Amino acid sequence: MNIPTPFTNKTYALGDGGYYQIRSIQADDRERIIELFNHLSPDSRYLRFAHAISKLPDDFLDDILHLDYKKEMALLAVITSLTGTEEIIGIARYVTPPNQNACEFSLSVSDNYTTHGIGTHLMLDLIEHAKKNGLQEMIGYVLIKNSRMLHLVSDLGFQTHRQDDDPDFKTVSLPL
Ligand SMILES: CC(C)(COP(=O)(O)OP(=O)(O)OC[C@H]1O[C@@H](n2cnc3c(N)ncnc32)[C@H](O)[C@@H]1OP(=O)(O)O)[C@@H](O)C(=O)NCCC(=O)NCCS
């Protein structure tokens with residue numbers, strides 16, 4: 001059995017003198033994930049989930065908090081207040097279907113913290129982690145109108161493909 005390589009926490013400057021940390025998700029992050037979702041605008045929720053949702057489904061939260069680390073990972077961008085309270089400002093995740101070596105990613109950054117490079121850093125760390133854990137490809141499904149996300153992944157070297165059966169989406173892929 002392969003033993004998953006753990007993620008080593010990283011710290012990045014936020015640009016305003018502050019900093020954030022990227023760490024792997026923990027079982028007690030449930031309320032903080034809900035808070036992050038509450039800080040996403042309806043438009044950002046739509047771009048992330050490809051449909052309008054007003055509440056994170058419980059089974060989504062259960063899945064994300066109990067990962068199979070051999071094939072899955074969720075990294076969080078987190079800021080810590082002076083009193084030690086953590087706020088999650090971004091999340092990147094991959095899951096790998098059974099018997100496959102290509103994982104599928106998703107990404108969200110709090111609307112209050114976009115354009116600081118957080119999405120890019122989350123993706124770079126997620127890609128590095130997937131490589132270390134033996135995955136061979138990372139793919140994603142991005143709404144065609146999500147030009148910011150398409151731009152972000154293109155800068156990271158992902159190739160973009162049309163989806164003939166669903167013209168609303170593009171498939172993006174990166175060999176690892
Ligand atoms: C798409 C999304 C993840 C981008 O996250 P982000 O943290 O803003 O991404 P980044 O900051 O890394 O990059 C975005 C842009 O900010 C720019 N940027 C990066 N650091 C910056 C800084 N310090 N100052 C100003 N701009 C900066 C980047 O160059 C990039 O610009 P570009 O459009 O010219 O490439 C975020 O907007 C989001 O969560 N959207 C809603 C959900 C979604 O669409 N998810 C994807 C589903 S597949």
Side-chain angles (χ1 to χ4, degrees), residues 7 9-25 29 32-57 60-61 63-64 67 72-80 86-97 102-130 135 137-163 165-176:
F7 181 80
N9 294 359
K10 298 196 181 165
T11 301
Y12 296 99
L14 201 45
D16 60 355
Y19 65 90
Y20 63 96
Q21 196 172 47
I22 294 187
R23 65 163 171 83
S24 58
I25 201 164
D29 280 319
R32 285 182 284 267
I33 301 273
I34 293 170
E35 271 301 301
L36 168 65
F37 178 80
N38 291 341
H39 281 106
L40 294 179
S41 64
D43 198 37
S44 292
R45 291 177 190 179
Y46 181 78
L47 291 172
R48 163 62 184 85
F49 294 97
H51 55 267
I53 60 169
S54 56
K55 180 179 180 291
L56 278 180
F60 172 89
L61 285 164
D63 281 356
I64 205 165
L67 299 176
E72 300 176 325
M73 178 46 97
L75 297 180
L76 305 178
V78 174
I79 50 174
T80 306
E86 283 193 329
E87 180 186 357
I88 297 172
I89 57 173
I91 180 167
R93 177 192 188 192
Y94 67 70
V95 295
T96 313
C103 59
E104 185 184 326
F105 75 85
S106 58
L107 175 69
S108 290
V109 173
S110 167
D111 289 325
N112 297 333
Y113 288 94
T114 53
T115 71
H116 285 83
I118 296 167
T120 301
H121 280 138
L122 278 166
M123 285 301 293
L124 283 169
D125 286 344
L126 195 72
I127 290 165
E128 187 187 326
H129 187 79
L135 292 162
E137 188 179 16
M138 185 173 280
I139 61 168
Y141 303 100
V142 183
L143 280 165
I144 206 157
K145 69 174 193 172
N146 196 350
S147 47
R148 168 168 277 186
M149 187 63 194
L150 289 169
H151 191 107
L152 190 158
V153 290
S154 162
D155 280 352
L156 295 175
F158 280 76
Q159 296 291 314
T160 303
H161 319 275
R162 239 189 10 217
Q163 267 189 238
D165 56 343
D166 194 343
D168 289 340
F169 284 88
K170 288 208 169 172
T171 306
V172 298
S173 65
L174 180 76
L176 299 176

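Both counts, for ligands and for their atoms, begin at 1 and track the order of listing. Just so it is clear, the model here is predicted, and its values are computed rather than measured.
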Legend entry - Whether His116 side chain and Thr114 backbone form a donor-acceptor pair below 3.5 Å: yes
Legend entry - Heavy-atom donor-acceptor pair, Arg45 side chain to Leu40 backbone, under 3.5 Å: yes
Look at [atom] and say which protein heavy atom is nearest, naming residue and atom and giving the distance to 0.1 Å.
atom                    : result
atom 34 (O) of ligand 1 : His151 NE2, 3.6 Å
atom 39 (O) of ligand 1 : Val109 N, 2.8 Å
atom 2 (C) of ligand 1  : Arg148 CD, 4.4 Å
atom 20 (N) of ligand 1 : Gly117 N, 3.2 Å
atom 9 (O) of ligand 1  : Leu152 CD1, 3.4 Å
atom 3 (C) of ligand 1  : Leu107 CD2, 3.4 Å
atom 7 (O) of ligand 1  : Gly119 N, 2.8 Å

Inset, instruction - Report the member of Asn146, Ile118, Thr114, Leu122 with the shortest heavy-atom distance to atom 43 (C) of ligand 1. - result: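 Ranked by closest heavy atom to atom 43 (C) of ligand 1, first place is Asn146.
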Legend entry - Heavy-atom proximity to atom 17 (C) of ligand 1, best of Thr115, Val142, Asp155, Thr120: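 Answer by nearest heavy atom: Thr115.
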Legend entry - Min N/O separation Leu47 to ligand 1 under 3.5 Å: no
Inset, instruction - Look only at interatomic distance and state if Met149 has a nitrogen or oxygen under 3.5 Å from any nitrogen or oxygen of ligand 1. - result: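 Looking only at distances, the answer is no, because the N/O contact criterion of under 3.5 Å is not met.
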Legend entry - Per-atom contact, atom 25 (C) of ligand 1, protein heavy atoms, under 4.0 angstrom: yes
Legend entry - atom 31 (O) of ligand 1 within contact range, any protein heavy atom under 4.0 Å: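 Looking at atom 31 (O) of ligand 1, one finds that no protein heavy atom lies closer than 4.0 Å.
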Legend entry - Arg48 to Phe60 six-membered ring, cation-pi geometry met (6.0 Å, 45°):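 No; the conditions do not both hold, so Arg48 does not lie above the ring face of Phe60.
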Inset, instruction - Given side chain to side chain contact (heavy atoms under 4.5 Å, CB included), test Leu107 with Val153 step by step and report yes or no. - result: CA-CA 11 Å; Leu107 175 69; Val153 290; over 6 Å; no
Legend entry - Candidate pair Phe37 and Ile91, rule side chain to side chain contact (heavy atoms under 4.5 Å, CB included), full reasoning: CA-CA 10 Å; Phe37 178 80; Ile91 180 167; over 6 Å; no
Inset, instruction - Below 4.0 angstrom from a heavy atom of Ser44, which ligand 1 atoms are there? Numbered from 1 as shown, please. - result: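 Atoms satisfying the 4.0 Å criterion: 41 (C), 42 (C).
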Inset, instruction - Pull out every atom of ligand 1 sitting under 4.0 Å from any heavy atom of Ser108, numbered as shown with elements. - result: 39 (O)
Legend entry - Interatomic spacing from CD1 in Ile118 to CD1 in Ile89 - rounded to 0.5 Å: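 Reported to 0.5 Å precision, the distance equals 3.5 Å.
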Legend entry - Ser108 side, atom OG; His39 side, atom NE2 - distance, nearest 0.5 Å: 14.0 Å
Inset, instruction - Please step through side chain to side chain contact (heavy atoms under 4.5 Å, CB included) for the pair Gln21 and Thr80, ending with a clear verdict. - result: CA-CA 9 Å; Gln21 196 172 47; Thr80 306; 5.7 Å; no
Inset, instruction - Examine the side chains of Tyr20 and His121 and answer whether a donor and an acceptor come within less than 3.5 Å of each other. - result: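 Yes, because at least one side-chain N or O of Tyr20 sits under 3.5 Å from a partner of the opposite role on His121.
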Inset, instruction - For Gln159, look at atom CD and say whether over 12 heavy atoms of other residues, nucleotides or ligands are found less than 6.0 Å away. - result: no
